[in-house]
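These figures come from a predicted structure and were not determined experimentally. All values below come from the heavy atoms of this structure, side chains included, with hydrogens, waters and symmetry mates left out.
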Amino acid sequence: MLASESCAFDLIHAEFIRELEPGEVVIIDEHGIRSEWPFPKSRSAFCIFEYVYFARPDSNLTGSNVSMARVEMGRELARSHPVEADIVVPVPDSGIFAALGYSEESGIPYYPAFVRNHYIGRTFIQPTQMIRDFNVRVKLNLIRSAIEGKRVVVVDDSIVRGTTARSRVVNLRENGAKEVHMRISCPPHKHACHYGIDFPDPEKLLANQCSLEQIREYLGADSIGYLDVPGMVRATGRQMNEFCLACFNGDYPVPFDAKFDKLVMEQRRDQARLLEPPAERLF
Ligand code: SF4
């Protein structure tokens, strides 16, 4: 069995043996199992956003559990961006563990006041703005009695376009929150991912276009605080040079060819479609 996340093995009671190395190709055929390294060895550049958002909390990455790293990110965030408040509210699902860490470290009570609609997918990877806007509205509902009249720290894992975060702040205020303090368990996303993660054009990344104060103003929050790169890395228990941090610091560990960039390919596909005869476009 091979899987992209260790939680898959728990489900079938499989014994975890080891993680594949960067660049390792495993071949399973009639001769058995063997590994090859067809590319020159280079330094590891693990996607740190796996710890922040992508991986399941019940998975382990290089021996450490993802949920624990997220709790630690929340603790780091509470130390670097403290605030006086009455309640810590997570944005489900990926903000849950960071909010727990923030609450534990700050001593502010945790309350999961957002209730998630599990029939809606991840909002930032939806293909159109219209679908994203609709999904943002129906994805979460608030327990009004839990937050009315309270100073709320709302903890989320990241802000990409800002659409979702802004809508959460509006939602909290509409439901009677006295103050809303936004805390984010990773640094601002300022750069594109050229390695396959479906972030939008950098011009649509909120932190690429706005200062911290402009972001706070756009979201309508009373304060905003992002975890910094050293804090995020510390929370994983690994070293800075083991990671890809490119979408945060613009330092791309592997050169990329801009002509194969996802955005460029999509534009070429759309242009090609416009040239097709209408009947063919139906298929
Ligand atoms: S740029 Fe690097 S860290 Fe950011 S999402 Fe892509 S692979 Fe992950």
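- Counting heavy atoms from C-beta outward, Tyr195 and Cys244 have side chains that approach closer than 4.5 Å.
- Side chain of Asn175 to backbone of Asn171: a donor-acceptor contact under 3.5 angstrom is found.
- In terms of modelled atom types and a separation under 3.5 Å, the side chain of Asp156 and the main chain of Ala165 share no donor-acceptor contact.
- Hydrophobic clustering (ILVMFWY, side-chain heavy atoms < 4.5 Å, transitive): Val169 and Ile143 are in one cluster.
- Of the possible polar contacts, one joining the Arg166 side chain to the Tyr218 backbone as a donor-acceptor pair under 3.5 Å is found.
- Between Glu105 and Arg75, at least one side-chain nitrogen of the basic residue sits less than 4.0 Å from a carboxylate oxygen of the acidic one, meeting the salt-bridge criterion.
- For Ser103 (side chain) and Ile108 (main-chain N/O), a donor-acceptor pair under 3.5 Å exists by modelled atom type.
- For Tyr111, the OH atom sits in a loose shell: 12 or fewer heavy atoms of surrounding residues, nucleotides or ligands are nearer than 6.0 Å.
- Salt-bridge annotation for Asp222 and Lys178: absent, with no side-chain N of the basic residue lying under 4.0 Å from a carboxylate O of the acidic one.
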inquiry  = The test is side chain to side chain contact (heavy atoms under 4.5 Å, CB included); show your working for Val154 and Val91 and say whether it passes.
reply    = CA-CA 7 Å; Val154 58; Val91 174; 3.7 Å; yes
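- Under a 3.5 Å cut-off, the side chain of Gln214 and the backbone N or O of Ser211 do form a donor-acceptor pair.
- Ring geometry for Tyr252 versus Phe256: interplanar angle over 60°, hence perpendicular rather than tilted (30 to 60°).
- In this structure a side-chain-to-backbone donor-acceptor pair under 3.5 Å is present from Arg144 to Glu174.
- At a threshold of 4.0 Å, the pair Lys41-Glu24 does not count as salt-bridged, since none of the basic side-chain nitrogens sits closer than that to a carboxylate oxygen.
- Counting heavy-atom neighbours within 6.0 Å of Ile33 CD1, excluding the residue itself, gives a total of 12 or less.
- Looking at Ser106 and Arg79, their side chains never bring a donor and an acceptor atom within 3.5 Å of each other.
- Side-chain contact check for Tyr226 versus Ile224: some heavy-atom pair is nearer than 4.5 Å.
- Within the 4.5 Å cutoff, side-chain heavy atoms of Glu104 are placed close to those of Val71.
- Within the 4.5 Å cutoff, no side-chain heavy atoms of Asp10 are placed close to those of Phe16.
- Dense packing is recorded around CD of Glu213, with more than 12 heavy atoms of other residues, nucleotides or ligands lying under 6.0 Å away.
- Between Val52 and Met232 there is a side-chain heavy-atom pair separated by less than 4.5 Å.
- To the nearest 0.5 Å, atom CD of residue Gln239 and atom CZ of residue Arg234 are 11.5 Å apart.
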Carefully, step by step, assess Tyr51 and Arg238 under the rule side chain to side chain donor-acceptor pair (under 3.5 Å). CA-CA 11 Å; Tyr51 280 97; Arg238 296 173 66 178; 3.2 Å; yes
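- Panel note: side chain Ser185, backbone Ala98; no donor-acceptor pair is recorded below 3.5 Å.
- Under the 6.0 Å distance and 45° angle rule, Arg183 does not count as a cation-pi partner of Tyr102.
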task = Could you walk me through whether Val89 and Val153 pass side chain to side chain contact (heavy atoms under 4.5 Å, CB included), step by step?
result = CA-CA 6 Å; Val89 173; Val153 182; over 6 Å; no
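- No donor-acceptor pair under 3.5 Å is formed between the side chain of Asn60 and the backbone N or O of Gly63.
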